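Remember, it's 1-based here, ligands and their atoms both numbered in the order they're listed. Below, all heavy atoms of this structure are taken into account, side chains as well, without hydrogens, waters or symmetry copies. Numbers here are sequence positions counted from 1. All values reported here derive from a predicted model rather than from experimental measurement.
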Amino acid sequence: MRLGVLVSGRGSNLEAILGAITAGRLQCEAVLVVSNRADARALDIARAHGAATAVIDHRRHAERTAFDAEVVDALRAAGVELVALAGFDRLLTPVLIEAFPERIYNVHPALLPAFKGLHAQRQALEYGARITGATVHLVDQHMDHGPIVLQAAVPIAPDDSEATLAARILAVEHAIFPAALQLCVEGRVRVVGRRVILDGVLPPLPPPMLWFS
Ligand code: GRF
């Protein structure tokens with residue numbers, strides 16, 4: 001399957017995806033990495049893996065829909081069939097969402113529907129939660145809202161800082177994001193209302209990760 005990845009920053013999830021492709025755990029071809037920021041480290045990671053890149057600066061467009069239309073054009077020109085949002089910091093409009101129905105996957109650093117939006121790790125700490133985690137979900141028109149494909153949980157330690165918790169969550173993001181994309185590639189993701197039914201048996205994850213489907 002032809003994969004497009006949208007990024008804005010550090011690119012560690014992009015790196016996990018590209019690594020999973022190289023390792024044969026994700027049967028995709030990363031045909032285009034699009035960044036809305038020219039200085040994103042993710043672009044260097046894409047180039048190091050030989051993936052084609054494009055920079056589409058959102059500041060060149062007054063309207064969100066015009067920016068999304070340019071992104072859709074680039075993805076379509078590359079023949080993209082599946083889209084991963086890997087640290088992409090723009091809200092999507094229906095122009096982009098409806099161009100790839102049920103084929104846009106996002107990773108969020110919390111167990112949705114808890115702690116939506118920015119600084120989800122800090123939100124979990126400040127709330128006093130004992131467990132948080134990561135969610136891969138389909139993207140719909142609401143922020144951090146679409147049907148959930150995979151979730152994995154991590155404990156919050158009493159002495160956690162935002163940085164230590166973020167690192168623990170990031171490790172599970174890197175495991176479940178490529179795994180969720182592979183489920184899509186295998187045609188095992190069925191959307192029923194706002195629920196996702198996963199056909200077949202899920203691959204085992206290394207302990208102590210908790211893995212719910
Ligand atoms: C990740 O924590 C992801 O869950 C969130 O943005 C962050 C992106 O990190 N959506 P990276 O660019 O993949 O390193």
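- Looking only at heavy atoms of the protein, atom 2 (O) of ligand 1 is closest to E173 OE2, 3.1 Å.
- Aromatic ring centres of Y105 and F177: separated by at least 6.0 Å.
- In this structure, atom 12 (O) of ligand 1 lies nearest to the protein heavy atom G11 N, 2.8 Å.
- For R10, a nitrogen or oxygen atom sits less than 3.5 Å from a nitrogen or oxygen atom of ligand 1, counting backbone and side chain alike.
- Contact check for L198 versus V149: side-chain heavy atoms found under the 4.5 Å cut-off.
- At the top of the distance list for atom 10 (N) of ligand 1, counting protein heavy atoms only, stands V107 O, 3.1 Å.
- The shortest N/O to N/O separation between N13 and ligand 1 falls below 3.5 Å.
- The existence of a salt bridge linking D57 and R59 is confirmed by a sub-4.0 Å separation between a basic side-chain nitrogen and an acidic carboxylate oxygen.
- In the vicinity of G87, heavy-atom distances shorter than 4.0 Å reach the ligand 1 atoms 6 (O), 8 (C).
- Remark: E29 engages R2 in a salt bridge, criterion side-chain N to carboxylate O under 4.0 Å.
- Salt bridge present: R190 and D199 bring a charged side-chain N and a carboxylate O closer than 4.0 Å.
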